[in-house]
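Keep in mind the model is a prediction, meaning the values are calculated, not measured.
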Amino acid sequence: MIGAGCALAITEIAGRTGPAYYLACYLVLVLLVCLMLMRRILLARLRPSNWLAQIASDGVFIQFRSYLNYQLPADDLTVVFISFSDIRATRLVRERVTIPDEDGTATNIADW
């Protein structure tokens with residue numbers, strides 16, 4: 001989107017009158033507004049507190065706080081430790097989601 005906006009702006013920059021120039025300005029403006037609105041989300045993904053589970057030698061640490069709540073106090077208890085001896089069994093879970101089409105046939109959407 002940035003490339004399209006820049007390409008359109010460069011091709012029409014001399015006259016500043018063509019419809020491509022105005023379209024390019026609009027695209028760049030919309031992109032900048034979206035980036036400003038999503039800045040918090042994008043920067044929160046890069047924080048070191050953005051993790052869900054970590055495996056230790058004797059168990060698993062699981063964090064229940066969303067990475068978007070980094071501004072909450074850091075001394076709150078948001079991590080639970082489950083030792084491997086407390087885990088009775090684990091297994092691979094296989095789920096299949098099938099959604100019927102309008103014509104009555106079924107479509108397999110996901111298989112994990």
Side-chain angles (χ1 to χ4, degrees):
M1 193 164 166
I2 293 174
C6 291
L8 288 173
I10 289 171
T11 58
E12 295 285 333
I13 198 85
R16 295 184 187 221
T17 57
Y21 175 76
Y22 295 112
L23 178 63
C25 290
Y26 176 75
L27 288 175
V28 169
L29 181 66
V30 167
L31 180 69
L32 288 176
V33 168
C34 289
L35 284 175
M36 286 173 42
L37 292 174
M38 294 180 58
R39 188 188 79 172
R40 178 179 175 264
I41 296 171
L42 295 174
L43 291 178
R45 297 182 80 185
L46 302 175
R47 293 176 107 35
S49 61
N50 179 15
W51 60 275
L52 181 62
Q54 291 183 356
I55 296 179
S57 61
D58 56 344
V60 180
F61 291 98
I62 300 174
Q63 179 168 243
F64 288 102
R65 178 182 282 174
S66 171
Y67 69 94
L68 295 175
N69 293 328
Y70 63 87
Q71 76 280 1
L72 296 176
D75 56 348
D76 286 348
L77 300 176
T78 60
V79 177
V80 65
F81 178 76
I82 302 173
S83 67
F84 290 135
S85 63
D86 292 336
I87 300 173
R88 182 181 305 172
T90 60
R91 65 183 174 97
L92 178 66
V93 175
R94 199 169 180 106
E95 234 176 272
R96 179 170 287 156
V97 179
T98 305
I99 298 176
D101 290 338
E102 294 174 358
D103 59 356
T105 62
T107 303
N108 187 13
I109 298 300
D111 191 12
W112 60 89

Asp75: which residues meet the side chain to side chain contact (heavy atoms under 4.5 Å, CB included) condition with it, sequence neighbours left out?
Pro73

Check the hydrophobic clustering (I, L, V, M, F, W, Y; side-chain heavy atoms under 4.5 Å; chains of links allowed) and say if Leu35 and Met38 are grouped together.
yes

Taken to the nearest 0.5 Å, the spacing of Asp86 CG from Phe81 CZ works out to 8.5 Å

When rounded to the nearest 0.5 angstrom, what distance separates OG in Ser49 from CZ in Arg65?
8.5 Å

Mind checking the CG-CG spacing from Leu68 to Leu43? Nearest 0.5 Å is all I need.
11.5 Å

Looking at OG1 of Thr78 and CD1 of Ile62, how far apart are the two atoms once the value is rounded to the nearest 0.5 Å?
12.0 Å

Are the side chains of Val80 and Phe64 in touch, meaning some heavy atoms are under 4.5 Å apart?
yes

Considering residues, nucleotides and ligands other than Phe84, do more than 12 of their heavy atoms fall under 6.0 Å from its CZ?
yes

Are more than 12 heavy atoms from other residues, nucleotides or ligands located less than 6.0 Å from atom CD1 of Ile87?
yes

Enumerate, atom names and distances included, each donor-acceptor pair closer than 3.5 Å involving a side-chain atom of residues 50-60, sequence neighbours excluded.
from  : atom 1 : to    : atom 2 : distance (Å)
Asn50 : ND2    : Arg45 : O      : 2.9

